[in-house]
Amino acid sequence: MTLLYQEIIDFMLISGKRIRTLSGNILDIGIKKQYLTTEDLNIERGLKNIILNNKPSHFVYAEEENEIIPKFTNDVWVIDPISGTKTFIQGLPHYGIVVSHISNGIIQFGAVYDPSAEELFTAYNEAGAFLNGKRIFVSEENDIIVLNISSSFANKSIEEKVMTELKDKPTVFNTNSHAVNLCHFACGRFGGNITLAKDSFPIFAGGIICREARGMFKNFSGFDSLDFNDRMFWGGNQQNSKILSEITLKLSSQML
């Protein structure tokens with residue numbers, strides 16, 4: 001699978017360098033949904049072709065044209081062709097191209113490329129996480145929590161409760177790609193994160209990168225094993241994990 005992973009990475013880098021020149025100068029062509037560009041479609045189709053040409057029995061689950069949730073977990077590829085399309089359209093950092101490979105329920109590979117910063121994050125199951133080829137780890141000294149809420153997150157009540165729970169904690173809020181924010185935690189720029197997402201496409205790659213960087217990453221129910229229908233996630237270093245676990249389990253129980 002190593003050669004296929006590298007082919008995927010090469011395509012992500014080429015695509016990222018191209019779309020960097022288009023950021024802030026591309027139209028939203030979304031009709032059924034807001035924030036869709038021709039590049040979202042081009043990248044998703046290109047990645048799908050690479051995967052199926054190499055592994056025709058594999059399943060592609062992707063945001064734009066391949067949204068059917070797989071009913072099995074052996075060899076599923078999860079793709080967000082541009083995570084943070086709104087940010088990309090606006091010409092702002094940080095958006096990303098995101099790919100992960102799940103085999104028999106275990107995330108084997110994840111890659112996130114942030115063209116605006118020319119940063120490629122990768123991770124391989126039980127083999128580490130990397131930024132531009134150099135090993136990365138979470139910071140045990142950083143106590144800052146980044147709160148990342150999708151503008152399309154469906155539960156405003158939970159959103160308000162999360163913000164209330166974090167009001168006395170060192171917290172920053174931004175509109176970066178979910179996947180890019182998770183990578184920023186993985187390389188030590190934050191000490192933890194809470195993500196409230198509209199979908200899970202960018203999360204699987206971000207999750208394995210966090211874990212392989214020796215951080216914790218779970219859904220709000222406290223499970224390591226992520227589901228395609230999950231929408232709420234947290235990650236933390238040792239310092240923040242206990243705090244975030246207590247907050248998210250509390251909020252999760254309120255939704256039952």
Residue pairs involving residues 39-54 (criterion salt bridge (charged side-chain N to carboxylate O under 4.0 Å, His left out); sequence neighbours excluded):
Arg18-Glu39, Arg45-Glu65
How long is the gap from CG on Asn125 to CD1 on Ile107, to the nearest 0.5 Å?
8.5 Å
Can a donor-acceptor pair be found, under 3.5 Å and without considering hydrogens, that links the side chain of Glu140 to the backbone of Gln238?
yes
Looking at every heavy atom in both Lys167 and Thr164, which two are closest together, and how far apart are they?
CG-O, 3.0 Å
For residues Val172 and Leu92: do they belong to one hydrophobic cluster (side chain heavy atoms under 4.5 Å, members Ile, Leu, Val, Met, Phe, Trp, Tyr)?
no
Does atom NZ of Lys169 have more than 12 heavy-atom neighbours from other groups under 6.0 Å away?
yes
Smallest separation among heavy atoms of Ile50 and Leu4, with atom names
CG2-CD1, 3.8 Å
For Asn148 and Asn176, test the side chains for any donor-to-acceptor distance below 3.5 angstrom and give the result as yes or no.
no
Working to the nearest 0.5 Å, report the span between CG of Asn181 and CZ of Arg189.
10.5 Å
For the backbone of Asp224 and the side chain of Arg211, can you confirm whether one donor and one acceptor N or O come within less than 3.5 Å of each other?
yes
Mark yes when over 12 heavy atoms from residues, nucleotides or ligands other than Glu141 sit less than 6.0 Å from its CD; otherwise mark no.
no
After noting the C-alpha distance and the side-chain angles of Phe220 and Ile194, does the key distance pass the side-chain contact (heavy atoms from CB on, under 4.5 Å) rule?
CA-CA 9 Å; Phe220 263 34; Ile194 288 184; 3.9 Å; yes
Calculate, to the nearest 0.5 Å, the distance between atoms OG and NZ belonging to Ser245 and Lys218 respectively.
7.5 Å
Once salt bridge (charged side-chain N to carboxylate O under 4.0 Å, His left out) is applied, what residue pairs with a partner in residues 20-31 remain, sequence neighbours excluded?
Arg20-Glu118
Linked, directly or transitively: Ile203 and Val78 (ILVMFWY side chains, under 4.5 Å):
yes
Sort and list the pairs that fulfil ring-ring contact (aromatic ring centres under 6.0 Å, His included) and have at least one residue in residues 82-103, not counting sequence neighbours.
Tyr5-His101, His58-His101, Trp77-His101, Phe88-Tyr95, His94-His184
Sidechain-backbone polar pair: Asn74 side chain, Asn104 backbone, donor-acceptor under 3.5 Å:
no
With sequence neighbours excluded, give me every side chain to side chain donor-acceptor pair (under 3.5 Å) pair touching residues 190-203.
Glu63-Lys198
Looking at Asn229, is its backbone amide N or carbonyl O close enough to the side chain of Arg231 to form a donor-acceptor pair, meaning the two atoms are under 3.5 Å apart?
yes
How close do Cys183 and Ile209 get, heavy atom to heavy atom, and via which atoms?
SG-CD1, 3.7 Å
Close side-chain approach of Ile97 to Ser15, heavy-atom, < 4.5 Å:
yes
same_hphob_cluster(Tyr113, Ile26) at 4.5 Å side-chain heavy-atom cutoff:
yes
Starting from Leu41, can I reach Met12 by hopping between I/L/V/M/F/W/Y residues whose side chains sit under 4.5 Å apart?
no
For the student: nearest non-hydrogen atoms of Gly192 and Phe185, plus distance:
N-CD1, 3.6 Å
Taking all atoms of both residues into account, what is the closest heavy-atom pair of Val98 and Ala179, and its distance?
CG2-CB, 3.5 Å
Treating Ser221 as the side-chain partner and Asn219 as the backbone partner, does any N or O pair qualify as donor plus acceptor under 3.5 Å?
no
Residues at least two apart in sequence or cross-chain that pass salt bridge (Lys or Arg N to Asp or Glu O under 4.0 Å) with Lys134, listed by chain then number, are none
Donor-acceptor under 3.5 Å (Asn142 side chain, Gly188 main chain)
yes
Distance col, row Tyr61:OH vs Asn66:CG, nearest 0.5 angstrom, shows 10.5 Å
For Asn155 and Glu159, test the side chains for any donor-to-acceptor distance below 3.5 angstrom and give the result as yes or no.
no
May I ask you to say whether Lys242 pairs ionically with Glu246, meaning some side-chain N is under 4.0 Å from a carboxylate O?
yes
Please report the interatomic distance CD1(Ile149) to CG(Asn174), rounded to the nearest 0.5 Å.
10.5 Å
4.5 Å side-chain heavy-atom contact, Val112 and Val180:
yes
Any pair counted as ring-ring contact (aromatic ring centres under 6.0 Å, His included), so long as it reaches residues 123-179, sequence neighbours left out:
Phe109-Tyr124
In terms of hydrophobic clustering (I, L, V, M, F, W, Y; side-chain heavy atoms under 4.5 Å; direct or indirect links), are Ile14 and Leu120 co-clustered?
no
Val99 and Phe11: CA distance, side-chain angles, deciding distance, side-chain contact (heavy atoms from CB on, under 4.5 Å) verdict:
CA-CA 11 Å; Val99 181; Phe11 180 85; over 6 Å; no
Do Ser83 and Phe201 have side chains that get closer than 4.5 Å, going by heavy atoms?
no
Measure across Gly16 and Pro115 and return the closest heavy-atom pair with its distance rounded to 0.1 Å.
O-CB, 3.3 Å
Short question: side chain of Asp230, backbone of Asp227 - any donor-acceptor pair under 3.5 Å?
yes
Straight-line distance of Trp234 CH2 to Leu249 CG, nearest 0.5 Å:
8.0 Å
Any donor-acceptor pair under 3.5 Å linking the side chain of Glu67 with the backbone of Ala62?
no
Do Lys33 and Glu64 touch side chain to side chain, with heavy atoms closer than 4.5 Å?
yes
Side chains of Ile19 and Ile43 in contact at under 4.5 Å (non-hydrogen atoms)
yes
So do the side chains of Phe121 and Ile136 get within less than 4.5 Å of each other, counting heavy atoms only?
yes
